[in-house]
Amino acid sequence: MIEPTYVTRPFLPPLEELQPYLERIWANRLLTNKGPFHEEFEQALCDYLGVEHISLFANGTLALVTALQAMRITGDVITTPYSFVATAHSLLWNGIRPVFVDIDPETLNLDPDKIEAAITPQTTAILPVHVYGRPCDTARIQSIADIYGLRVIYDAAHAFGVEDAGGSILRHGDVSILSFHATKVFTTFEGGAVVSPDAKMKKRIDYLKNFGFADEVTVVAPGINGKMNEFQAALGLLQLKHFDAALKQRAELDRYYRETLADIPGIRCLPLPDCSRRNYAYCLIMVEPEYPLSRDELYTRLRQNNIFARRYFYPLISSFPMYRALPSANKSNLPVASASADKVLCLPIYPGLEPDRLEKVTNLIRSVIES
Ligand code: T4K
């Protein structure tokens, strides 16, 4: 049986390149708890991403939950319904009430024009997502946050390596979090990180991810176990060496899709995001009414042909049982997010995607209008 074409496949460096890292772990038997690879990887990431303070985590969700704890966020937090569930779940895990605000139709990120109307005396922070690695309007969001005295926590799970004119996108807001899950552009199998603005915040986050230990006998907070282990950190160091090449391949695939699908009525690619370095984390199309099939029919047609495209982010977070009773979860409050979730389809994009598989995807999409 031919292996299906998945929406993504993890980029893995040649196995022999991992061997020396494993030998070092086996030799020193330091497996976790701030081992040498952990420390090296933290520094290497700071250097690569151009940020000063990074705390590594076992996964992105723990990074997000812990960042909110570290900042002592309570009350209501404004966020997007158009993301992976972990974004809003991190609020519930902290006893915080999510307040969903609609998205911008161009960026698919929180619409800055709609944030202010959702602010109440209970609002303490904004949790925007750079969805698909497409940057939020960070300047507008920050100016709203400044006026109302709100904190800003960026869910940058998709935004590894993305830069705007001023440098890393991760420098915006009070903190940013990353995910290094297997499906992400940069992976340590599972993994994540918090980018902090200063050493004090990093220190607090580092305590919290290690049960709250400040030293061998001092526990300063009810922390959790969110630590990244040595195997993950070693993988991260190795992956970093290949990331630029992987990004180049993604850019080429993205270009192919844009050029090949451009003339198909009802298939719309969003404009390239306005930033100085993109990561092409996802390749999405909007299936509009002029196309003969609905988004779900196209999704099924591709599946029947062994192509597993994904409807990220359908259903909206706000429609899940633990959120749908919230006043802000009402569909009438979220018209753009609702329409986008019904139209979007993420196509396969990953380094190593073979040309024949790529062509099969675009040919199938085109064949619908030609039949
Ligand atoms: N915030 C945002 C905005 C996020 O998107 C995420 C995670 C988080 C926070 C939380 O970060 P983490 O705690 O996960 O670090 C995936 C991921 O599980 C999830 O990490 C990710 N977002 C989300 C967008 O997608 P699924 O349900 O799509 O995964 P799955 O297993 O269906 O994988 C999709 C395809 O990828 C498979 O069909 C084949 C391929 N694949 C997957 C895995 C796991 C592989 O080829 N190899 C693999 O090992 O959720």
Side-chain angles (χ1 to χ4, degrees), residues 6-12 38 41-42 44-46 48-49 51 53-70 79-80 82-94 108-109 127-136 152-163 168-173 175-196 205 208-209 224-229 231-240 242-243 246-247 250 278-284 310 312-313 317 346 349-351:
Y6 295 110
V7 68
T8 188
R9 298 294 276 159
F11 171 77
L12 294 176
H38 178 280
F41 182 39
E42 260 189 15
L45 270 184
C46 284
Y48 184 81
L49 296 171
V51 295
H53 305 283
I54 285 189
S55 304
L56 296 172
F57 274 80
N59 61 62
T61 305
L62 279 169
L64 201 44
V65 169
T66 308
L68 290 161
Q69 285 254 327
T79 192
T80 169
Y82 193 83
S83 179
F84 187 60
V85 281
T87 307
H89 280 1
S90 71
L91 297 173
L92 292 195
W93 270 75
N94 280 298
L108 305 181
N109 291 320
L127 171 55
V129 179
H130 300 297
V131 79
Y132 308 123
R134 303 169 68 86
C136 293
V152 183
I153 300 97
Y154 277 105
D155 181 339
H158 305 166
F160 187 93
V162 174
E163 292 176 6
S168 172
I169 195 93
L170 305 169
R171 75 190 189 286
H172 295 293
V175 295
S176 290
I177 76 99
L178 289 164
S179 164
F180 307 145
H181 182 260
T183 55
K184 298 295 189 291
V185 284
F186 178 87
T187 180
T188 57
F189 288 17
E190 293 273 3
V194 178
V195 178
S196 298
I205 286 171
L208 281 173
K209 76 173 190 189
I224 199 160
N225 181 358
K227 291 171 274 117
M228 175 179 276
N229 67 46
F231 180 71
Q232 290 172 289
L235 267 174
L237 280 166
L238 183 51
Q239 293 279 38
L240 260 190
H242 295 273
F243 185 69
L247 216 56
R250 284 182 173 275
R278 307 178 180 106
N279 72 1
Y280 309 95
Y282 296 81
C283 177
L284 55 140
R310 290 293 290 263
Y312 299 129
F313 288 99
I317 300 178
C346 288
I349 185 164
Y350 53 88

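Values reported hereafter were calculated over all heavy atoms of this structure, with side chains retained and with hydrogens, waters and symmetry mates removed.
From Ser176, atom OG reaches atom CZ of Arg171 across 10.0 Å, with rounding to the nearest 0.5 Å. For the atom pair CG of Asp155 and CG of Leu178, the computed distance is 9.0 Å after rounding to the nearest 0.5 Å. The distance from atom CH2 of Trp93 to atom CG of Leu68, rounded to the nearest 0.5 Å, is 13.0 Å. Taken from CD in Glu190 to CG in Leu235, the straight-line distance is 12.0 Å, to the nearest 0.5 Å. Interatomic distance, Asn109 CG to Ser83 OG, rounded to the nearest 0.5 Å: 9.5 Å. Taking CG of Leu56 as the reference point, atom NZ of Lys227 lies at 12.5 Å (rounded to 0.5 Å).
Here the closest non-hydrogen pair linking Ala44 and Leu237 is CB-CD2, 3.8 Å. Residues Leu62 and Asn225 share a closest heavy-atom pair of CD1-O, 3.9 Å. Looking at every heavy atom in both residues, Val131 comes nearest to Leu108 through CG1-O, 3.4 Å. Shown here for Phe186 and Gly236, the closest heavy-atom pair between the two residues is CZ-O, 3.5 Å. Across Phe84 and Ile317, no two heavy atoms sit closer than the pair O-CD1, 3.4 Å. When all heavy atoms are compared, the tightest approach of Cys346 to Val7 is O-CG2, 3.5 Å.
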With side-chain contact (heavy atoms from CB on, under 4.5 Å) as the criterion, how do Met228 and Thr188 come out once you've worked through the C-alpha distance, each side chain's angles and the decisive distance to 0.1 Å? CA-CA 9 Å; Met228 175 179 276; Thr188 57; 3.7 Å; yes
Would you please test Phe160 and Lys184 for side-chain contact (heavy atoms from CB on, under 4.5 Å) and show each step? CA-CA 9 Å; Phe160 187 93; Lys184 298 295 189 291; over 6 Å; no
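Between Leu208 and Ile224, every side-chain heavy-atom pair lies at or beyond the 4.5 Å cut-off. Between Asn279 and Arg250 the shortest side-chain heavy-atom distance does not fall below 4.5 Å. At least one side-chain heavy atom of Leu127 sits under 4.5 Å from a side-chain heavy atom of Leu64. The shortest side-chain heavy-atom distance between Gln232 and Phe189 does not fall under the 4.5 Å cut-off. In this structure, the side chains of Val195 and Leu49 stay at 4.5 Å or more apart for every pair of heavy atoms. Two residues are said to be in side-chain contact when any heavy atoms from C-beta on lie closer than 4.5 Å; His89 and Thr61 fail this criterion.
Using a 30° and 60° split on the angle between ring planes, Phe313 and His158 fall in the parallel class, below 30°. Using the six-membered ring where Trp is involved, Tyr282 and Tyr312 have ring planes that are perpendicular, over 60° apart on the 30 and 60° scheme.
Here the side chain of Thr66 pairs no donor or acceptor atom with the backbone of Ala63 at under 3.5 angstrom. In this structure, the side chain of Thr187 engages the main chain of His181 through a donor-acceptor pair within 3.5 Å.
Annotation: Tyr48 is not in aromatic contact with Phe41 [ring centroid separation under 6.0 Å not met].
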